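What follows is a short report on a single structure.
Numbers restart at 1 for each chain; the letters A, B, ... are given by sequence-line order, proteins then strands. This structure is a prediction, so every number in the text was calculated from the model and none was measured.
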Number of protein chains: 2
Amino acid sequence: MTDYNKILESAGLRPTDAREAVLGALYRIGRPASHGEVAEALKGQLDRVTIYRNLYLLEEARLAHKVQGVDGKWRFCAHDPDVVGCPGDHPHFLCLSCGKMICLLGQTLPHVDVPDGVKVQGKQLVVYGLCPECSRDRQK
Amino acid sequence: MTDYNKILESAGLRPTDAREAVLGALYRIGRPASHGEVAEALKGQLDRVTIYRNLYLLEEARLAHKVQGVDGKWRFCAHDPDVVGCPGDHPHFLCLSCGKMICLLGQTLPHVDVPDGVKVQGKQLVVYGLCPECSRDRQK
DNA sequence: TTCCTAATGCAACCGAGTTGCATTTTGAGG
DNA sequence: CCTCAAAATGCAACTCGGTTGCATTAGGAA
Ligand SMILES: [Mn+2]
Ligand SMILES: [Mn+2]
Ligand SMILES: [Zn+2]
Ligand SMILES: [Zn+2]
C-alpha cells in the first residue's frame with residue numbers, strides 16, 4: 001500500500017486529504033484519467049473544482065502528466081516519481097467508444113523538424129480507434 | 001482565382017453560397033483554421049452553426065482535414081484535392097500564444113505499436129510552443 | 001495556542017461545440 | 001420555365017468541460 005502523503009511531501013505539496021484522495025485515485029485507475037473519471041472514482045467525495053485544482057497541481061509538481069484526447073478532454077496519469085526524465089514522453093491511445101486512454105510505454109515521440117524561429121515546448125502523439133473490448137463488442 | 005464550386009461539385013457537395021464562402025476562407029487562410037478564425041475571416045457573413053456544419057461536411061468529403069490543438073479547438077485545413085493518399089497525415093505545430101497552427105508538411109507520422117486487439121482509426125501528432133513572431137515578441 | 005497562508009466548497013460563469021425546428025434555397029423532373 | 005421534395009440555412013436554446021471569485025475551513029510555523 002502506497003503512502004501517497006510521502007509522495008506529496010517529497011514533491012513539495014501539502015499532504016491534504018483531498019490531495020491524497022486524488023493522487024490515490026490516479027494510481028488506482030492506473031491509466032490516464034479525465035476529471036470526470038477521477039470524480040467518479042471518488043464518488044462525490046470531493047467538489048469537482050477541488051479535483052480540477054489538485055490535478056493541475058499534481059501535474060505542475062510532476063507527479064502526473066497530462067494528455068488531451070481527440071475528444072477534447074484532458075487525462076491525467078500518475079507516474080512513479082522515481083522515473084528519470086520527462087514523463088509522459090510517449091504516445092497514447094484513446095478509445096473513441098468507451099473513452100479509455102492507454103499509455104503506450106516503451107516508445108518515444110519522434111523528433112519533428114519545425115520552421116526556423118519556432119520554439120518547441122512540447123508535443124503529443126495520440127493514436128485513436130477502438131480498444132480491444134469495444135472492438136470485440138462492435139463485431140457482434 | 002480558384003473555382004471553389006468546381007471543387008465542391010467534384011467532391012459530391014452542392015455548391016451553395018455558404019459552402020463556397022467557407023471553402024474559400026480555408027484556402028485563403030492557408031493553414032489549419034478554427035471555427036472562430038473562419039467566422040472572423042467571413043466577418044459575420046454566415047451564421048456560426050452554418051460554418052460548423054460546412055466545415056464538418058468539407059472534412060467528410062475529404063476536401064479538408066482537421067486537427068485538434070492542445071487548446072482543445074479543432075482546426076480545419078483545405079488541401080489540394082489532387083493530392084494522393086490520406087491528407088493530414090503529417091505533424092502540426094500550434095502556437096500557444098497566438099493560436100496559429102501550421103502544417104508540418106514533408107514529414108510523416110511514425111508507426112506506433114499498439115496492444116493486441118486495438119483497432120487504430122487514426123493518429124495525430126501536435127507539436128506546440130511559440131511561433132517565430134510570438135517567440136520574438138516575448139524576448140523584448 | 002495564535003495567526004497567516006493555503007486549500008476547499010459552492011455558485012456563477014465561459015466558450016466551443018451541438019441540437020431542434022421553422023424557413024429558405026437548391027435542383028431534379030415535369 | 002414551374003413544382004415540389006430534399007437539402008441547407010438561421011436562430012435560439014442547450015450541453016459540458018473547464019475556469020473564476022469569494023467566503024469559509026484547514027494546515028502548520030512560530
Ligand atoms: Mn502516458
Ligand atoms: Mn495539416
Ligand atoms: Zn474502448
Ligand atoms: Zn504565435
Side-chain angles (χ1 to χ4, degrees), chain A residues 4-6 8-25 32-61 63-64 66-76 94 96 99-101 126, chain B residues 4-6 8-25 32-61 63-64 66-76 94 96 99-101 126:
Chain A
Y4 302 118
N5 282 342
K6 275 268 166 55
L8 289 169
E9 283 179 331
S10 70
L13 292 178
R14 281 194 184 180
T16 66
D17 289 354
R19 213 105 87 193
E20 186 185 4
V22 171
L23 183 59
S34 62
H35 297 125
E37 287 176 295
V38 173
E40 195 178 358
L42 296 176
K43 275 291 172 210
Q45 191 181 325
L46 295 175
D47 185 84
R48 70 190 192 100
V49 178
T50 302
I51 296 176
Y52 277 93
R53 292 200 266 235
N54 277 310
L55 285 174
Y56 172 82
L57 288 172
L58 290 177
E59 199 246 335
E60 209 177 37
L63 291 182
K66 72 168 195 264
V67 197
Q68 190 186 44
V70 287
D71 59 357
K73 298 179 196 165
W74 287 99
R75 330 243 155 184
F76 295 77
L94 176 69
L96 297 181
K100 285 206 181 82
M101 183 176 271
V126 178
Chain B
Y4 302 118
N5 283 341
K6 275 267 167 55
L8 288 170
E9 283 179 331
S10 69
L13 292 179
R14 283 194 183 180
T16 65
D17 290 354
R19 213 104 86 193
E20 186 184 5
V22 170
L23 183 59
S34 63
H35 297 126
E37 287 176 293
V38 173
E40 195 179 0
L42 296 175
K43 275 293 171 212
Q45 191 182 325
L46 296 175
D47 185 82
R48 71 191 193 94
V49 178
T50 302
I51 295 176
Y52 276 92
R53 292 201 266 234
N54 277 308
L55 285 174
Y56 172 82
L57 288 172
L58 289 176
E59 199 245 335
E60 210 176 36
L63 291 181
K66 73 169 195 265
V67 197
Q68 189 186 44
V70 287
D71 59 358
K73 296 180 196 164
W74 287 98
R75 331 242 155 184
F76 294 77
L94 176 69
L96 296 181
K100 282 204 182 84
M101 182 175 273
V126 178

* Let me know the distance between CG of L8(A) and P of dA6(C), rounded to the nearest Å. => 17 Å
* Structure fact -> When rounded to whole Å, the CG to P distance for the pair D17(B) and dT9(D) reads 9 Å
* **Spacing of CZ belonging to R53(A) relative to CG belonging to L46(A), to within rounding of 0.5 Å** => 12.0 Å
* Asked: Taking R19(B) for the side chain and R14(B) for the main chain, is one N or O donor matched with an acceptor at less than 3.5 Å?
  -> yes
* Select from R14(B) and G72(B) the residue whose nearest nucleotide in DNA chain C is closer to the 5' end of that strand. => G72(B)
* Asked: Under 4.0 Å between a side-chain N/O of R19(A) and OP1 or OP2 of dA7(C), yes or no?
  -> yes
* Can you tell me if the side-chain N/O atoms of T16(B) get under 4.0 Å from OP1 or OP2 in dT25(C)? -> no
* Calculate the interatomic distance between D47(A) atom CG and dT25(D) atom C1'; express it in whole Å. => 14 Å
* Asked: Quick one: Y52(A) OH to dC16(D) P, roughly how many Å, whole number?
  -> 12 Å
* Spacing between K73(B) atom NZ and dG17(D) atom P, to the nearest angstrom -> 19 Å
* Asked: Checking all strands, does N54(B) fall into the base, sugar-phosphate, or nothing category for heavy-atom contacts under 4.0 angstrom?
  -> sugar-phosphate
* Consider the side chain of V49(B), meaning its heavy atoms from C-beta on, and name the nucleotide among dA12(D), dG9(C), dG17(C) that approaches it most closely. => dA12(D)
* To do: Provide, to the nearest angstrom, the distance between the CH2 atom belonging to W74(A) and the C1' atom belonging to dC16(D).
  => 17 Å
* Candidate pair R75(B) and L94(B), rule side-chain contact (heavy atoms from CB on, under 4.5 Å), full reasoning -> CA-CA 10 Å; R75(B) 331 242 155 184; L94(B) 176 69; 3.7 Å; yes
* To do: Spell out yes or no: do the side chain of R53(A) and the base of dG18(D) have one donor N/O and one acceptor N/O closer than 3.5 Å?
  => no
* Asked: Roughly how far apart are F76(A) CZ and N54(A) CG, rounded to 0.5 Å?
  -> 11.0 Å
* To do: For L55(A) and dA7(C), give me the distance from atom CG to atom C1', rounded to whole Å.
  => 15 Å
* **Atom of L42(A), atom of A21(A) and distance for their closest heavy-atom approach** => CD2-O, 3.7 Å
* **Distance-only donor-acceptor test, R48(A) side-chain atoms vs dG17(D) base atoms, 3.5 Å** => no
* Distance, rounded to the nearest Å, where Q68(A) contributes CD and dG18(D) contributes P -> 8 Å
